[in-house]
Amino acid sequence: SVTAELSSYMRKRTQLKEPATEGGDRIEKRWQRKAAVRRVVSLLLKIRDAEESYLESIPENLRGGPMAEAAEETVGRLDEAYAV
């Protein structure tokens with residue numbers, strides 16, 4: 001599931017150790033940060049896509065229910081987060 005993927009990523013990310021030296025490592029650290037941000041963004045997009053597919057699979061008679069509203073709100077917030 002997407003939650004499991006995100007949890008696994010966060011566990012791996014918190015275990016990474018950055019080099020202790022200054023100087024030439026700054027570019028590498030910046031590259032690592034950019035790569036981490038790209039991975040988080042891709043996971044957020046996976047979550048958004050999963051919520052959208054869930055919305056599409058909801059029967060017409062349940063479209064106004066609380067689960068549908070929560071999914072719509074989630075998609076909206078993830079779209080806002082991605083736009084920033």
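Nothing here was measured: the structure is a model prediction, and the numbers come from that model.
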Next on the checklist: Run the side chain to side chain contact (heavy atoms under 4.5 Å, CB included) test on Leu55 and Glu72 for me, step by step, so that the C-alpha distance in whole Å, both residues' side-chain angles and the decisive distance to 0.1 Å come before the verdict.
Outcome noted: CA-CA 7 Å; Leu55 277 172; Glu72 287 175 5; 3.7 Å; yes

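At a threshold of 4.5 Å between side-chain heavy atoms, the hydrophobic network of Ile, Leu, Val, Met, Phe, Trp and Tyr places Val40 and Leu78 in one connected group.
A side chain to side chain donor-acceptor pair (under 3.5 Å) check over residues 47-61, counting only residues at least two apart or in different chains, returns the pairs Arg48-Asp79.
Among residues two or more places apart in sequence or in another chain, the side chain to side chain contact (heavy atoms under 4.5 Å, CB included) test is passed with Ala36 by Tyr9, Arg13, Arg39. Evaluation of the salt bridge (charged side-chain N to carboxylate O under 4.0 Å, His left out) rule for Glu73 yields Arg77 as partners, not counting sequence neighbours.
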